[in-house]
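Everything on this sheet refers to the single structure shown next.
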Amino acid sequence: MNYSPLTPLDGRVAVVTGGARGIGFESAKALHECGAQVIIVDINRELGPKAAAELEADFFPADLTKSDQVTKLAADILAKYQHIDIAFNNAGIAVNVPSEECTDDQWHQVININLNAVFYCCRELGKVMLKQGKGSIINTASMSGVISNFPQPQSAYNTSKAGVIMLTKSLAGEWAKRGVRVNSISPGYIGTEMTKLGMSQSDWYKYWLDMTPMGRVGEPSEVAAVVVFLASDASSFFTGSNLIVDGGYTAW
Ligand code: NAP
């Protein structure tokens, strides 16, 4: 895909969490192609440096569920680059377990990375942007934040993503007059490591395709294109929006 944005990203510093692979990696690639200096943040110390090397990007390892690591991350990036213009808060996990069997640990694990870590990143990177008087934050939610998936059980995941959508709206309202835009992207099923299990189970996969009007899963590049749009000044009147990228799944 050619990612040329309507307005260029030259000179912008873009932080991409969960950038070692999947949607994060493709978005990091897109932002890099559009002229941004990309910083990949990920817990995966094996894939992270490889991903960064491919994109002439920087790699900062972090477990984003630890707020002290996020605070240090923001300080380290600021010290090295002097400004932070774009934050794509995207790292996340899915756990498929019937709710009556979901343990405290499983619940907390999902909420910690999918929701709490997104808040820590918004707060710490947002503080830098508020001081600058400008910045664009993009949070990865999911169509699961507005519908409940079928047939796989994933109540913690769905709940975390609904939280991301509301967190996004709340911050957008608070920070709009101070120059910081906050939007979320809600992908439908996208072909990555996260969906590998479901795509290999014919009973799940059949439902996914049947319930998607376009009859296919999406490519990470089809989400990355929206990240570029929200990162750029072409989306200057967008804040608090949740852009659903799902091949029509939520239309039915
Ligand atoms: P992915 O391929 O599994 O990539 C997620 C990345 O996040 C991995 O590199 C992972 O590291 C990293 N990560 C996990 N926990 C972390 C932590 N505590 N701190 C820092 N990094 C951490 O997933 P994806 O499919 O690209 O999904 C990216 C985002 O899109 C997620 O928020 C997901 O919920 C959302 N989403 C995906 C889909 C889909 O169909 N794929 C649909 C809707 C929304 P490890 O490799 O070490 O785990």
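Both ligands and their constituent atoms are indexed starting at 1 by order of listing.
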Legend entry - Close approach of G191 to ligand 1, heavy atoms, under 4.0 angstrom: no
Legend entry - Linked, directly or transitively: V16 and I185 (ILVMFWY side chains, under 4.5 Å): yes
Legend entry - Identified ring pair (Phe, Tyr, Trp, His ring centres under 6.0 Å) counterpart of F150 within the set Y207, Y249, W204: Y207
Legend entry - Donor + acceptor pair across side chains of N149, Q154 (<3.5 Å): yes
Inset, instruction - Determine the sole option in V38, I39, D58 for which the side-chain contact (heavy atoms from CB on, under 4.5 Å) test with V13 is passed. - result: I39
Legend entry - Interfacing atoms of ligand 1 (cut-off 4.0 Å, heavy-atom, Y189): 40 (O)
Legend entry - Over all atoms of both residues, closest heavy-atom pair of Y189 and Q152: OH-NE2, 3.0 Å
Inset, instruction - Kindly check if the number of other-residue, nucleotide or ligand heavy atoms within 6.0 Å of CE (M166) is above 12? - result: no
Legend entry - Proximal ligand 1 atoms for A91, defined as those under 4.0 Å from one of its heavy atoms: 7 (O), 21 (N), 22 (C), 32 (O)
Legend entry - D42, N44, T17: member with heavy atom nearest to atom 10 (C) of ligand 1: D42
Inset, instruction - Would you tell me whether N139 and S184 have side-chain atoms, one donor and one acceptor, within less than 3.5 Å of each other? - result: no
Inset, instruction - For atom 19 (N) of ligand 1, grab the closest protein heavy atom and report residue, atom and distance to one decimal in Å. - result: L64 N, 3.1 Å
Inset, instruction - Could you tell me whether a side-chain N or O of Q132 sits under 3.5 Å from a main-chain N or O of I84, the two making a donor and an acceptor? - result: yes
Legend entry - Residue selection (non-hydrogen contact nearest atom 22 (C) of ligand 1) among T195, I43, V164, L73: I43
Legend entry - Between D233 and T7, a side-chain donor and acceptor under 3.5 Å: no
Legend entry - Atom indices of ligand 1, in the order listed, that fall short of 4.0 Å to a heavy atom of S142: 43 (C), 44 (C)
Inset, instruction - Tell me which part of K161 gets within contact of ligand 1: side chain, backbone, both or neither, using heavy atoms under 4.0 Å. - result: side chain
Inset, instruction - Over 60° means perpendicular and under 30° means parallel, so classify the ring planes of Y205 and W208, tilted if in between. - result: perpendicular
Inset, instruction - Report the member of R21, K66, Q69 with the shortest heavy-atom distance to atom 48 (O) of ligand 1. - result: R21
Inset, instruction - Identify, by atom number and element, the atoms of ligand 1 in contact range of P187, meaning under 4.0 Å from any of its heavy atoms. - result: 42 (C), 43 (C), 44 (C)
Inset, instruction - Identify the heavy atoms of M129 and A87 that sit nearest to each other, and give their distance. - result: CE-N, 3.7 Å
Inset, instruction - For atom 42 (C) of ligand 1, find the nearest protein heavy atom and state the residue, atom name and distance (0.1 Å precision). - result: G188 O, 3.1 Å
Legend entry - Backbone N/O of N44 and side chain of R21: donor-acceptor pair under 3.5 Å: no
Legend entry - Protein residue, atom and distance nearest to atom 25 (O) of ligand 1, heavy-atom basis: T192 OG1, 2.5 Å
Legend entry - Sub-4.0 Å atoms of ligand 1 with respect to non-hydrogen atoms of T65: 18 (N)
Legend entry - Close-contact set for ligand 1 against G22 heavy atoms, below 4.0 Å: 2 (O), 26 (O)
Inset, instruction - Indicate, as side chain, backbone, both or neither, the part of S186 found under 4.0 angstrom from ligand 1 when only non-hydrogen atoms are considered. - result: neither
Legend entry - Short side-chain donor-acceptor distance under 3.5 Å, T103 and D105: no
Legend entry - Which residue and heavy atom of the protein sit nearest atom 40 (O) of ligand 1, plus the separation: I190 N, 2.8 Å
Inset, instruction - Specify the protein heavy atom at minimum distance from atom 36 (N) of ligand 1: its residue, its atom name, and the distance to 0.1 Å. - result: Y157 OH, 3.4 Å
Legend entry - Subset of ligand 1 atoms that lie under 4.0 Å from at least one heavy atom of G18: 6 (C), 7 (O)
Legend entry - Protein heavy atom at shortest distance from atom 32 (O) of ligand 1: N90 O, 2.7 Å
Legend entry - N/O separation below 3.5 Å, N114 to ligand 1: no
Legend entry - Nearest-neighbour protein heavy atom for atom 26 (O) of ligand 1, which is reported as residue plus atom name and distance: I23 N, 2.8 Å
Legend entry - Side-chain touch R123/S67, heavy atoms, less than 4.5 angstrom: yes
Legend entry - Distance from atom 35 (C) of ligand 1 to nearest protein heavy atom, with residue and atom: T140 CG2, 3.5 Å
Legend entry - Atom indices of ligand 1, in the order listed, that fall short of 4.0 Å to a heavy atom of A62: 19 (N), 20 (C)
